[in-house]
Number of protein chains: 2
Amino acid sequence: MGKARTNGRGLGAAAAGTPQSPEAEIYHKIHVAIAEHRLLPGARLVEDQLGEVFGVSRMRIRSVLHSLARDKVVTLQRNRGAVVAHPTVKEAKEVFAARRLIEVAMAPDIVRAADDAAVRRLKDHIKKEKKGEHSHDRAFELKASHEFHTLLAEIVGNRVVVGFLRELMARSSLITAIYERPDVSSCSHLAHSNLIKFIERRDAEGLAAAMLQHLHQIESDLVLFDRGEQPTDLKSVFAGS
Amino acid sequence: MGKARTNGRGLGAAAAGTPQSPEAEIYHKIHVAIAEHRLLPGARLVEDQLGEVFGVSRMRIRSVLHSLARDKVVTLQRNRGAVVAHPTVKEAKEVFAARRLIEVAMAPDIVRAADDAAVRRLKDHIKKEKKGEHSHDRAFELKASHEFHTLLAEIVGNRVVVGFLRELMARSSLITAIYERPDVSSCSHLAHSNLIKFIERRDAEGLAAAMLQHLHQIESDLVLFDRGEQPTDLKSVFAGS
DNA sequence: GCCGGGCATATTGTAAACAATATTGTTCAC
DNA sequence: GTGAACAATATTGTTTACAATATGCCCGGC
């Protein structure tokens with residue numbers, strides 16, 4: 001580890017930073033494409049095609065796909081290739097349960113670690129979220145919203161936890177793509193501004209409560225019915241027709 | 001996902017279960033070898049050698065090493081191969097901070113989810129720990145101790161969290177291998193029995209407090225000085241001479 | 001005797017060719 | 001006309017050989 005390496009999860013840097021390794025860049029680009037809902041759950045990721053798109057050999061793509069699979073954002077099927085992951089309802093609930101567990105528990109650490117510069121960074125990010133909301137670009141809006149949660153972990157400064165959060169946010173992005181109800185209003189920046197208030201007051205308990213409520217709100221904006229399980233990926237086709 | 005797949009982290013199953021995929025087995029074996037301290041931090045993992053040992057091609061080994069690198073139990077250096085990871089002091093502290101965050105926060109969920117069968121499983125595991133302690137096999141003892149913590153997560157039943165815990169336990173194993181002071185007495189089974197008492201009483205707060213104290217105890221049994229940072233892996237050589 | 005350059009070796013990185021497999025389309029029998 | 005068997009295609013899995021790189025050794029110069 002030479003300088004500022006492996007500060008997150010996966011190859012290079014998943015959300016921020018400048019990937020320099022040849023395949024780290026591809027990893028990053030696909031990751032972002034999925035986070036921005038340009039690649040939707042169920043989309044096939046053919047090695048040859050991706051290899052041509054990025055001008056590299058299949059082998060590189062293969063390696064990248066394995067890394068993405070480890071992040072649970074793509075699913076590998078033996079002899080059948082890779083597809084963008086399609087989280088089940090059960091998986092979705094588990095991801096949100098994990099988020100509640102970790103993000104709520106972080107509250108005391110956040111309050112402790114958040115200095116003036118950190119609060120300023122958070123407020124700057126809120127501006128970004130508002131801008132995204134005005135532009136009515138749902139993908140950008142959602143990505144910014146997820147970045148806020150990662151940012152909170154970054155303030156605490158524990159790279160292990162940041163890595164967990166990155167993974168959870170990536171999976172949340174997929175879950176939202178699948179299960180979001182069409183009539184959402186969200187306005188996540190309001191909830192986030194609320195969280196910042198508690199941080200400024202150094203109110204850890206209040207922050208924890210607000211975070212818990214926020215996460216419940218997000219989950220209740222989804223349609224997570226428990227019927228049937230496992231659409232086996234072709235459910236997505238049926239869902240489209 | 002056909003039947004009971006991807007219930008943990010990484011390939012196949014990291015700690016329990018029967019790996020059937022050809023390279024999942026190798027992944028599992030190396031993982032266990034590291035957890036049992038048969039492979040120590042800094043040990044080189046040459047592709048050809050491993051390929052011959054397991055009777056497979058280099059490519060399989062390569063894939064496995066990448067998976068292990070993602071788990072942070074091995075470190076990949078470009079053009080220089082793979083070595084068993086050598087966590088820094090900073091990394092070690094972050095891992096333990098993450099464990100405190102998650103394992104303490106799990107307390108209410110554990111109390112809620114622990115039925116009679118679960119408590120029995122925990123008590124059975126304690127027997128295993130005691131046996132390990134009598135045999136004076138430090139490696140076995142430590143592995144059993146880590147399994148207890150994973151078991152707690154499994155009782156809650158959230159596979160995402162179980163995955164996180166598995167990763168944290170694997171890294172804890174490496175950290176212990178490096179930083180354990182020689183005069184430890186540990187007796188983890190006592191602390192674990194204590195945790196079970198709180199679970200039986202359905203005392204979430206008590207469990208949380210006991211868990212926090214237990215984790216602090218484990219960390220204070222290590223020698224985590226903050227000098228110098230980043231040994232770049234050759235610190236291990238210096239440490240030996 | 002010590003330092004530096006250059007060669008030899010070991011190991012990993014990469015690419016290309018080949019084999020195995022799944023999917024799709026077609027044809028044939030009934 | 002329907003169904004199953006078969007062939008064709010597309011895609012992944014695997015092996016092989018080759019290139020690039022780092023490390024250690026040896027030798028010559030000073």
Side-chain angles (χ1 to χ4, degrees), chain A residues 1-3 5-6 11-12 19-27 30 39 42-70 73-86 231-238 241, chain B residues 1-3 5-6 11-12 19-27 30 39 42-70 73-86 231-238 241:
Chain A
M1 306 172 188
K3 296 200 171 181
R5 302 263 301 129
T6 66
L11 304 176
Q20 62 277 29
S21 168
E23 51 215 322
E25 174 133 6
I26 299 172
Y27 170 87
I30 298 180
L39 279 172
R44 287 199 62 195
L45 300 171
V46 179
E47 296 177 356
D48 269 332
Q49 295 175 15
L50 289 173
E52 196 169 359
V53 166
F54 294 109
V56 299
S57 186
R58 255 183 63 203
M59 185 190 154
R60 298 283 181 81
I61 300 297
R62 234 179 139 65
S63 164
V64 169
L65 289 178
H66 276 269
S67 294
L68 291 166
R70 145 234 151 107
V73 299
V74 318
T75 302
L76 293 177
Q77 296 164 294
R78 183 171 183 81
N79 288 324
R80 300 198 45 204
V83 296
V84 177
H86 190 112
T232 326
D233 180 42
L234 78 166
K235 181 71 149 279
S236 57
V237 180
F238 286 104
S241 69
Chain B
M1 305 173 188
K3 295 198 170 181
R5 301 265 301 132
T6 67
L11 305 175
Q20 60 277 32
S21 167
E23 51 214 323
E25 176 134 4
I26 299 172
Y27 170 87
I30 297 180
L39 279 173
R44 288 199 60 194
L45 301 171
V46 179
E47 296 177 355
D48 269 333
Q49 294 175 16
L50 289 172
E52 196 168 0
V53 167
F54 294 109
V56 300
S57 186
R58 255 183 62 202
M59 184 190 154
R60 297 282 181 81
I61 299 296
R62 230 178 143 65
S63 164
V64 169
L65 289 178
H66 276 268
S67 294
L68 291 167
R70 148 229 149 113
V73 299
V74 317
T75 302
L76 293 177
Q77 296 164 295
R78 182 170 183 83
N79 287 324
R80 300 198 45 204
V83 296
V84 177
H86 189 112
T232 326
D233 179 43
L234 78 166
K235 181 70 150 280
S236 57
V237 181
F238 286 104
S241 67

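Only this structure's heavy atoms are used, side chains among them; waters, hydrogens and symmetry mates stay out. Below, chains carry the letters A, B, ... as their sequence lines are ordered, and counting in each starts from 1.
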Find the distance between CG (B:Leu39) and CD1 (B:Ile30) and round it off to the nearest 0.5 Å.
-> 7.5 Å
Counting side-chain heavy atoms from CB outward, which of D:dG13, C:dT14, D:dT11 is closest to A:Glu23?
-> C:dT14
How close or far is atom C1' of C:dA16 from atom CG of A:Asp48, stated in whole angstroms?
-> 12 Å
Below 4.0 Å: OP1/OP2 of C:dT23 and any side-chain N or O of A:Arg80 | yes
Taking the side chain of B:Val46 as heavy atoms from C-beta outward, which of D:dT11, D:dT21, C:dT11 is closest to it?
-> C:dT11
State, with a plain yes or no, whether a side-chain heavy atom of A:Val56 is found less than 4.5 Å away from one of A:Glu23.
-> no
Distance check: side-chain N/O of A:Arg62 vs OP1/OP2 of D:dG13, anything under 4.0 Å?
-> yes
Round to a whole Å and report the spacing from CD of B:Gln49 to P of C:dT11.
-> 6 Å
Euclidean distance, atom CG of residue B:Leu45 to atom C1' of C:dT12 [Å, nearest integer] | 14 Å
For residues A:Val64 and A:Leu50, determine if any side-chain heavy atom of one lies less than 4.5 Å from a side-chain heavy atom of the other.
-> no
CZ of A:Arg78 versus C1' of C:dT21: gap in Å, rounded?
-> 9 Å
In whole angstroms, the gap separating P of D:dA19 from CE of A:Met59 amounts to 16 Å
Among the candidates C:dG13, C:dT14, D:dG13, find the nucleotide nearest to the side-chain atoms of A:Arg58.
-> D:dG13
Supply the atom-to-atom distance A:Ser67 OG to A:Ile26 CD1, rounded to the nearest 0.5 angstrom.
-> 11.0 Å
Nearest-angstrom distance from the residue atom CG of B:Leu50 to C1' of C:dT11 | 13 Å
Would you kindly compare A:Val56 and A:Asn79 by the position of their nearest DNA chain C nucleotide and give the one closer to the 5′ end?
-> A:Val56
For residues A:Leu65 and A:Glu47, determine if any side-chain heavy atom of one lies less than 4.5 Å from a side-chain heavy atom of the other.
-> yes
So, is B:Arg60 near the phosphate of D:dT14, with a side-chain N or O under 4.0 Å from OP1 or OP2?
-> yes
Value in whole Å for how far the P atom of D:dG13 lies from CD of A:Glu47 | 6 Å
Interatomic distance where CZ belongs to A:Arg44 and P belongs to D:dA10 [whole Å] = 12 Å
